[in-house]
Amino acid sequence: MEVKADKIHRIVEILRREKENWNVPIVTLMSQTDRDPFKILVATVLSLRTKDEVTAKASERLFKVADTPEKILKLKEEEIASLIYPVGFYRRKARNLKEICRILVEKYGGKVPDDLEELLKLPGVGRKTANLVITLGFGKPGICVDTHVHRIMNRIGYVETKTPEETEFALREKLPKEYWIEINDLLVSLGQHICHPVSPKCSQCPIEPYCDKRGVKRSR
DNA sequence: AAAACGGGGGC
DNA sequence: GCCCCAGTTTT
């Protein structure tokens, strides 16, 4: 018990330090310049199955034209689609985005709700997106589990779970609350630079001493 | 639990 | 050409 608590404490400490040497992920980048929950919500919806750089450019293009629910609602679906192209699923996302804005304006006075259950009702918003808005947009405690967090937490043996949702609930049980908000960012950084889904660079990994090396061959 | 969604970029 | 990418929804 004490060993595990100490383990995660050491891991977080190392990753905090190491992250200084790495390129910051898109959402971290955004959070430094603009913590508007709405922009974070939109950018996160756009980021689904899409690389950071593409997402960044797409959201910039969109926000230049419309950066509030009211403004985006006035755009046609095709206009939104052409602005956010070429993110993956751009048609579906354009449709979802407009519907999200309509709901925000009609039900929430144009504001993004800071409640997990309410966020989950929005089309195209799942647990990962909702929790990211909670943590990054509002600075409230939440645990955002994407493929990186799910993969790495299992690889190092901190949890043993099949799905990202299971991972989220397991982490809510055992991860010290002081790390909830930042754990996603730290593990995504590690995942992008070292602990890749395929062929992780274990010899260069700063937390290698704390890793059980489970699922190194392939774990998603 | 697994498939479908959908397009660009890397190798 | 084939595989990958800060997932969500439907079957």
Side-chain angles (χ1 to χ4, degrees), chain A residues 15 19 22-35 37 39-62 77-78 80-100 103 116-137 142-155 161-169 171 179-201 215-220:
Chain A
L15 290 181
K19 202 167 84 72
W22 294 335
N23 294 325
V24 284
I26 165 71
V27 181
T28 304
L29 198 62
M30 285 193 54
S31 70
Q32 290 171 347
T33 57
D34 195 346
R35 270 184 183 269
K39 290 190 177 178
I40 290 181
L41 172 61
V42 173
T44 309
V45 167
L46 291 185
S47 76
L48 185 150
R49 301 298 288 163
T50 304
K51 291 199 165 103
D52 287 355
E53 207 174 316
V54 178
T55 305
K57 286 178 181 163
S59 42
E60 278 310 305
R61 271 200 306 278
L62 176 62
E77 214 172 284
E78 306 82 68
I80 301 174
S82 68
L83 283 168
I84 64 178
Y85 182 88
V87 299
F89 310 103
Y90 66 98
R91 286 181 197 286
R92 190 212 301 175
K93 285 175 185 172
R95 180 169 12 97
N96 285 343
L97 230 40
K98 188 160 181 178
E99 176 65 5
I100 286 173
I103 295 173
L116 186 64
E117 296 307 316
E118 296 303 312
L119 286 167
L120 288 173
K121 292 178 185 168
L122 302 173
V125 175
R127 301 198 69 85
K128 181 259 172 180
T129 302
N131 273 298
L132 197 66
V133 171
I134 294 287
T135 55
L136 227 49
I143 296 184
C144 175
V145 176
D146 52 44
T147 52
H148 289 298
V149 175
H150 178 60
R151 178 182 71 255
I152 296 174
M153 279 302 192
N154 276 281
R155 270 189 186 164
T161 51
K162 293 288 276 184
T163 67
E165 186 174 352
E166 274 183 68
T167 303
E168 183 193 325
F169 294 142
L171 291 179
Y179 301 140
W180 282 23
I181 291 182
E182 71 176 313
I183 195 66
N184 175 276
D185 188 42
L186 292 176
L187 294 190
V188 169
S189 295
L190 182 68
Q192 289 179 338
H193 292 89
I194 306 285
C195 196
H196 300 165
V198 187
S199 312
K201 304 174 184 172
V216 156
K217 291 169 193 161
R218 185 171 242 266
S219 167
R220 302 212 59 190

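So that the names make sense, note that chain A is the first sequence line, chain B the second, and so on, each numbered from 1. What you see below is based on every heavy atom in this structure, not just the backbone, and it leaves out hydrogens, waters and symmetry mates.
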>> Parallel, tilted or perpendicular, judged at 30° and 60°: which one describes the rings of A:W22 and A:H193?
In response: parallel
>> By the 4.0 Å heavy-atom rule, please label A:P123 as base, sugar-phosphate, or nothing.
In response: sugar-phosphate
> Of A:H148 and A:L122, whose nearest nucleotide on DNA chain C comes first from the 5' end?
Replying inline: A:H148
>> One pair to check against side-chain contact (heavy atoms from CB on, under 4.5 Å): A:L190 and A:L186. What are the steps and the verdict?
In response: CA-CA 6 Å; A:L190 182 68; A:L186 292 176; over 6 Å; no
> Under the salt bridge (Lys or Arg N to Asp or Glu O under 4.0 Å) rule, what pairs show up with a residue in residues 118-136 of chain A, not counting sequence neighbours?
Replying inline: A:E118-A:K121, A:R127-A:E168
> Atom CG of A:D52 to atom C1' of C:dC4: distance rounded to whole Å?
Replying inline: 13 Å
> In whole angstroms, how far is the P atom of C:dC5 from the CG atom of A:D146?
Replying inline: 11 Å
>> Check this for me: A:R61, atom CZ, are more than 12 non-hydrogen atoms of other residues, nucleotides or ligands nearer than 6.0 Å?
In response: yes
> Once you round it to whole Å, what is the distance between C1' of B:dA1 and CD of A:E166?
Replying inline: 12 Å
> Separation of A:H196 atom NE2 from C:dC5 atom C1', in whole Å?
Replying inline: 12 Å
> Between atom CG in A:L119 and atom P in C:dT8, what is the gap in whole Å?
Replying inline: 12 Å
> Listed by chain and number, what are the side-chain hydrogen bond (donor to acceptor under 3.5 Å, both in side chains) partners of A:D146, not counting sequence neighbours?
Replying inline: A:N184
> So what is the 5' to 3' dot-bracket string for DNA chain B, if pairs are Watson-Crick or G-U wobble with both distances under 3.5 Å, crossing pairs use [ ] and | means the partner sits on another strand?
Replying inline: |||||.|||||
>> Measure NZ/A:K121 against P/C:dT9 and give the value in whole Å, please.
In response: 14 Å
>> Applying salt bridge (Lys or Arg N to Asp or Glu O under 4.0 Å), can you list everything that pairs with A:E182, at least two apart in sequence or on another chain?
In response: A:R16
>> Quick check against the 3.5 Å criterion: does A:S47 have a side-chain atom that pairs as donor or acceptor with the backbone of A:T50?
In response: no
> Touch check for A:V149, heavy atoms < 4.0 angstrom, all strands: base, sugar-phosphate only, or nothing?
Replying inline: nothing
>> Rounding to an integer number of Å, can you tell me how far A:L120 CG sits from C:dG7 P?
In response: 16 Å
> Are A:L62 and A:L97 side-chain neighbours, meaning at least one heavy-atom pair lies under 4.5 Å?
Replying inline: yes
> Taking the C1' atom of each, how far is B:dG8 from C:dT9, in whole Å?
Replying inline: 23 Å
> Is A:T129 near enough to C:dT8 that one of its side-chain N or O atoms lies under 4.0 angstrom from OP1 or OP2?
Replying inline: yes
> Expressed as a whole number of Å, how far does the P atom of B:dG6 sit from that of C:dT11?
Replying inline: 13 Å
> Tell me, do A:V54 and A:L46 make a side-chain contact under 4.5 Å, heavy atoms counted?
Replying inline: no
> When you compare C:dC3 with B:dA4, how far apart are their P atoms, in angstrom units rounded to a whole number?
Replying inline: 16 Å
>> The criterion is side-chain hydrogen bond (donor to acceptor under 3.5 Å, both in side chains); which residues satisfy it with A:T135, sequence neighbours excluded?
In response: none
> What one-letter contact string describes nucleotides 6-11 of chain B from 5' to 3', where B marks a base within less than 4.0 Å of any protein heavy atom, S marks contact via sugar-phosphate atoms alone, and - marks no contact?
Replying inline: BBB---
> C:dG7 P sits how many Å from A:N96 CG, rounded?
Replying inline: 16 Å
